[in-house]
Protein chains: 2
Amino acid sequence: MLLENPTKQAVVTTADKVFEQLQYAIVEGEMTAGSKISEPELAKRYQISRSTLREALNRLEKCHLIERKANVGSRVVDCTIEGLLELYITREALEGMACRQAAINMTDEEIADMQAMLAKHAGDKALQEGVAYYQEKGDVDFHYKVILGSHNQQLINLICGQLYHLVRMYRCQFGMHSSRATRAFTEHTNIMQAISDRDGELAELLMRRHIAASRKNIEAKIAQQNSVIK
Amino acid sequence: MLLENPTKQAVVTTADKVFEQLQYAIVEGEMTAGSKISEPELAKRYQISRSTLREALNRLEKCHLIERKANVGSRVVDCTIEGLLELYITREALEGMACRQAAINMTDEEIADMQAMLAKHAGDKALQEGVAYYQEKGDVDFHYKVILGSHNQQLINLICGQLYHLVRMYRCQFGMHSSRATRAFTEHTNIMQAISDRDGELAELLMRRHIAASRKNIEAKIAQQNSVIK
DNA sequence: GCACTATAAAGTGTCGACAATATTGTGGTA
DNA sequence: TACCACAATATTGTCGACACTTTATAGTGC
């Protein structure tokens, strides 16, 4: 199950392919978070030269999946609670604004397209109450379309090209299958309504609340776990 | 006049040095926006191998100062009106949120420090009414401190590590010396007040208005120029 | 004269080797 | 035993050469 990224560019070179494989490996946790990366070892495993590997590593660094220090080496990023919450706060800012811009800039066709998608998801949802998988995929689809709908290349690059790799990583590693699927679907519907009403202010507000709700949901879970441990 | 970037990491390797020089050259317009980059030529000019140059180019791509296409080459990014406006909208979202977080997370010492800085700027301002230079520098200082004050590594990296390179580029290339210096200073003061009151909501609102005002100022200028041409 | 193809030139991607730097291990001294 | 200095090892940074792709050029047929 590979969620397609709309900003993904054609893979032609070997470095591209290795980048994709490594990206997958990091996101899925095959390369454990926080672990050190040995260039010679990885190069050997993927049967490529170190130059090519370093090219791939550079791209991983671009999406914040690894961190490099000069003359020392690279590490897979660490997944921490603080990092996750910071990510949500950043998403709230960026996706909120993207949603406002979407309300302004989306074409009528794009809006109709999204409404059709939501209607389809509604059908799926009715069929399989509470099943997370489709909702997960639907969630990502919805958010991607809103972001692309902003028609703001700067926002699109930042969110889809960088932030969402990390989002997917946290999703996988923390095993986050939204426990608020039906709730989220309702919120999506309301956001869609604001967009089609061309109400940018409301659209932004609703998107921010939507993301903030997810964050608070996580914070609550964490707090709960901690109190149990104590 | 090189505005220091708080996220700048120590320059040790040759690629680091070349990266800095190229960055400077692009921002200042010595390498014209939109122009193609020849790896062999640049490598020769800086007396380094292509591998090292490519390492530097990778970092330039990371701050969105150049764009690469596989098997074709790199170009310096283009400075367009649309790009500038998109940048401002992104800043509005990110710096707005950073300001909210700053109101929550800044230490009392940091707040006192910023207030002292503003007081100093007020003195400068009284001395040299309307002189843009100090205000320019002061503006950047102020915004950097707010962003760092958010204590959100994600936001700090995105804004200081990436967005602000582009901001500086546009500033240089479009020759933008704020025509609303005293106005901006007042706005900074008000933002500072909201932060020291720990009023995150207001702090975000004011920062967003502050940036939106700059954007509208530019939009107005553009519209004016266009009407003159017609 | 124009379009299309084949060929040459230039440019980017990849490789393996060497140089510079960091890390580890060892021995000696207080 | 703890600590420091120094040597050995491993890892990263840099280099020049080769392979493959794209682009420019010349030539041929219609």
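If you're wondering where the values come from, they're calculated on a predicted model, not measured in any experiment. Throughout, protein chains are lettered first and strands after them, A, B, ... in sequence-line order, and every chain is numbered starting at 1.
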As an exercise, state the distance from NZ of B:Lys62 to CD of B:Gln162, rounded to the nearest 0.5 Å. 9.5 Å
B:Lys44 vs C:dG11: side-chain N/O to OP1/OP2 distance below 4.0 Å: no
Rounding to an integer number of Å, can you tell me how far B:Glu55 CD sits from D:dC15 P? 12 Å
Ring geometry between A:Tyr144 and A:Tyr164 (parallel below 30°, tilted from 30 to 60°, perpendicular above 60°): tilted
Check for a donor-acceptor pair, side chain of A:Glu41 on one end and backbone N or O of A:Ser38 on the other, with a separation under 3.5 Å. no
Starting at CZ of A:Arg68 and ending at C1' of D:dT11, how long is that distance when rounded to a whole Å? 13 Å
Can you tell me how far P of C:dA22 sits from NZ of A:Lys36, to the nearest Å? 13 Å
Any carboxylate oxygen within less than 4.0 angstrom of a Lys/Arg side-chain nitrogen, looking at B:Lys216 and B:Glu92? no
When we call it a touch if two heavy atoms are under 4.0 Å apart, what does A:Ile37 touch: a base, just sugar-phosphate, or nothing? sugar-phosphate
When rounded to the nearest 0.5 Å, the distance separating CG of B:Asn105 from CG of B:Asn152 is 8.0 Å
Would the base of C:dG11 count as contacting B:Arg50 through its side chain, where contact means a donor and an acceptor less than 3.5 Å apart? no
Figure out the CD1/P separation between A:Ile48 and C:dG16, and round it to whole Å. 11 Å
To the side chain of B:Ser38, which of D:dG13, D:dT22, C:dG11 is closest? C:dG11
In terms of side-chain heavy atoms of B:Thr14, which of D:dG13, C:dT12, C:dC15 is nearest? D:dG13
If each of A:Ala70 and A:Ala15 is mapped to the nucleotide of DNA chain C with the nearest heavy atom, which maps nearer the 5' terminus, i.e. the 5' end? A:Ala15
Against the side chain of A:Val72, the closest entry in C:dT14, C:dT12, C:dA22 is C:dA22
Between atom CD in A:Gln47 and atom P in C:dT14, what is the gap in whole Å? 15 Å
May I ask you to evaluate whether B:Arg54 reaches the phosphate of C:dG13, defined as a side-chain N or O under 4.0 Å from OP1 or OP2? yes
Assess whether one donor atom and one acceptor atom, taken from the side chain of B:Ser51 and the base of D:dG16, lie less than 3.5 Å apart. yes
Would you mind telling me which of C:dG16, C:dG13, D:dT12 lies closest to the side-chain atoms of A:Pro40? D:dT12
Nearest to side-chain heavy atoms of A:Asn71, which nucleotide of D:dT23, D:dT14, C:dT21: C:dT21
The side chain of B:Ser49 lies closest to which of these nucleotides: D:dT14, D:dT12, C:dT12? D:dT14
Does B:Thr13 have a side-chain nitrogen or oxygen under 4.0 Å from the phosphate oxygens OP1 or OP2 of D:dT14? yes
Expressed in angstrom and rounded to an integer, what is the separation of B:Glu39 atom CD from D:dC15 atom P? 14 Å
Working note: B:His121 + B:His188, criterion ring pair (Phe, Tyr, Trp, His ring centres under 6.0 Å); need CA distance, chi angles, decisive distance, verdict. CA-CA 11 Å; B:His121 286 172; B:His188 286 182; 8.3 Å; no
Please report, rounded to the nearest Å, how far the P atom of C:dG11 is from the NZ atom of B:Lys69. 17 Å
Return the value, rounded to whole Å, for the distance between atom CG of A:Leu42 and atom C1' of D:dT11. 13 Å
